[in-house]
2 protein chains.
Amino acid sequence: MKISTKVEFGIVALADIAIYSENGDTVSSADISRRQNISQKYLEQILVALRQAGFIRGQKGSRGGYTLARPASGITFAEILDGLDNNILADTYINDDGSSGDLRETVNSCIWEKLNGYMREFTAKMTLADFIELHRSDSGESEGEFMYYI
Amino acid sequence: MKISTKVEFGIVALADIAIYSENGDTVSSADISRRQNISQKYLEQILVALRQAGFIRGQKGSRGGYTLARPASGITFAEILDGLDNNILADTYINDDGSSGDLRETVNSCIWEKLNGYMREFTAKMTLADFIELHRSDSGESEGEFMYYI
DNA sequence: CTTATTTCCTAGTATGTCAATAGGCTTTTT
DNA sequence: AAAAAGCCTATTGACATACTAGGAAATAAG
């Protein structure tokens, strides 16, 4: 399955904000754009969506930026996906006209809903905090910030 | 997640062929089109894809049609999805240029691959025969062909 | 042998979504 | 007042989806 850049960048942006606002600072879109190598203008649109979905708070003006609206341990992937993409976890089965055949109904109501349920189950269990933890252990256990030299 | 009509119709067509070719007859695209209420011309394209993927055999000419190329109990949903849609079960993560940030790599390599794995696991377990069984018990246990009257 | 039937192949088209790019307005701090 | 940031809206190119359409090739029936 293809992950859209909107979802990918959204998750990355949330994680970036979580990581770099730990000391109380705000994180600007320019910061994220630079660190994560994402087009700033595109990123801004995604940040607006993340704010509207209630994950982050925006502070306008000089020295402004974003902070998490609630702790990373309370933000699940299911919520993020729902907030950024209204397709990926949606039960899209709508009984159009009632005239569709039996088999078509079984495909949608049984198979697809079940698959969807699995995905929702998995994504509801994982939080943004888990993801950051995963990333930290993934980038090596050592304490050093830079690993270019041994 | 949205199911494409190509996949939906493809599954339905396979099931229809499996059901109506049990006595040895072939099943024509016109038959399926009528029974399942699907545009015949569109269906034909899907049937070609299903044949090229090795699920069905086509017999040209008068009294021709389709039959399953192998037993329904040996055709898994993972195979069908792979045959009809090269996106839905694919690990699309490609390390584009190597310059992408750490977080982006973690999203793709850990989260998405894992989600993908779950989907593949689930769909690899279910066969076309299972689906037909499911559909039969779904449409009521009674033996009668018509249920419009009690 | 001819004709009807069926699969099979290719092209086109309308619609929508994705992934940005771009410009500028609004708010807040310095 | 000016700079820095978020916020809002419009536009665009590329691509995918879901068909429609026309006909060529093969095969069985009469």
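Heavy-atom basis, side chains included; hydrogens, waters and symmetry copies ignored. Quick note on labels: first sequence line is chain A, next is B, and so on, each numbered from 1.
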- Nearest to the side chain of K41(A), which nucleotide is it out of dA22(C), dA20(C), dA18(D)? dA22(C)

Could you run down the sub-3.5 Å N/O contacts of the protein with nucleotides 24-30 of chain D?
{"residue": "dA28(D)", "atom": "OP1", "partner": "Q59(B)", "partner atom": "NE2", "Å": "2.9"}

- Query: Is the backbone of I38(A) close enough, under 3.5 Å, to the side chain of S33(A) for a donor and an acceptor to pair up by distance?
  - Reply: yes

- Under the side-chain contact (heavy atoms from CB on, under 4.5 Å) rule, what do V27(A) and R35(A) come out as? Steps first, then yes or no, please. CA-CA 11 Å; V27(A) 176; R35(A) 276 195 292 260; 3.4 Å; yes

Under 4.0 angstrom between [X] side-chain N/O and [N] OP1 or OP2:
| X | N | value |
| --- | --- | --- |
| R57(A) | dC7(D) | no |
| S28(A) | dA4(D) | no |
| Y66(A) | dC7(D) | yes |

- Message: Against I17(B), only a single residue in I32(B), L128(B), T26(B), V12(B) fulfils side-chain contact (heavy atoms from CB on, under 4.5 Å); can you say which?
- Response: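 Going through I32(B), L128(B), T26(B), V12(B) one by one, the side-chain contact (heavy atoms from CB on, under 4.5 Å) with I17(B) is satisfied by I32(B) alone.
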
- side-chain hydrogen bond (donor to acceptor under 3.5 Å, both in side chains) partners of T5(B), counting only residues at least two apart: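 Residues passing side-chain hydrogen bond (donor to acceptor under 3.5 Å, both in side chains) with T5(B): Y42(B).
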
- Item | D85(B) vs S39(B), nearer the 5' end of DNA chain D by closest nucleotide | D85(B)

- Query: When you check the gap from the basic side-chain N to the acidic O, do D102(A) and R136(B) get nearer than 4.0 Å?
  - Reply: no

- Identify whether any heavy atom of S29(A) sits under 4.0 Å from a base atom; if not, whether one sits that close to sugar-phosphate; answer base, sugar-phosphate or nothing.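 Sugar-phosphate contact only.
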
- Task: Answer yes if the side chains of N108(A) and E8(B) hold a donor-acceptor pair under 3.5 Å, and no otherwise.
- Result: yes

- Message: At under 4.0 Å between heavy atoms, how does the protein contact nucleotides 9-15 of chain D? Give one character per nucleotide, 5' to 3', with B, S or -.
- Response: BB-----

- Message: Go through it in stages, so that I can follow the logic: the residues are T106(B) and C110(B), the test is side-chain contact (heavy atoms from CB on, under 4.5 Å), and I'd like the CA-CA distance, side-chain angles, deciding distance and then a yes or no.
- Response: CA-CA 5 Å; T106(B) 305; C110(B) 295; 4.1 Å; yes

- Which one of K41(A), Q45(A), Q40(A), R34(A) satisfies the side-chain hydrogen bond (donor to acceptor under 3.5 Å, both in side chains) criterion with S29(A)? Q40(A)

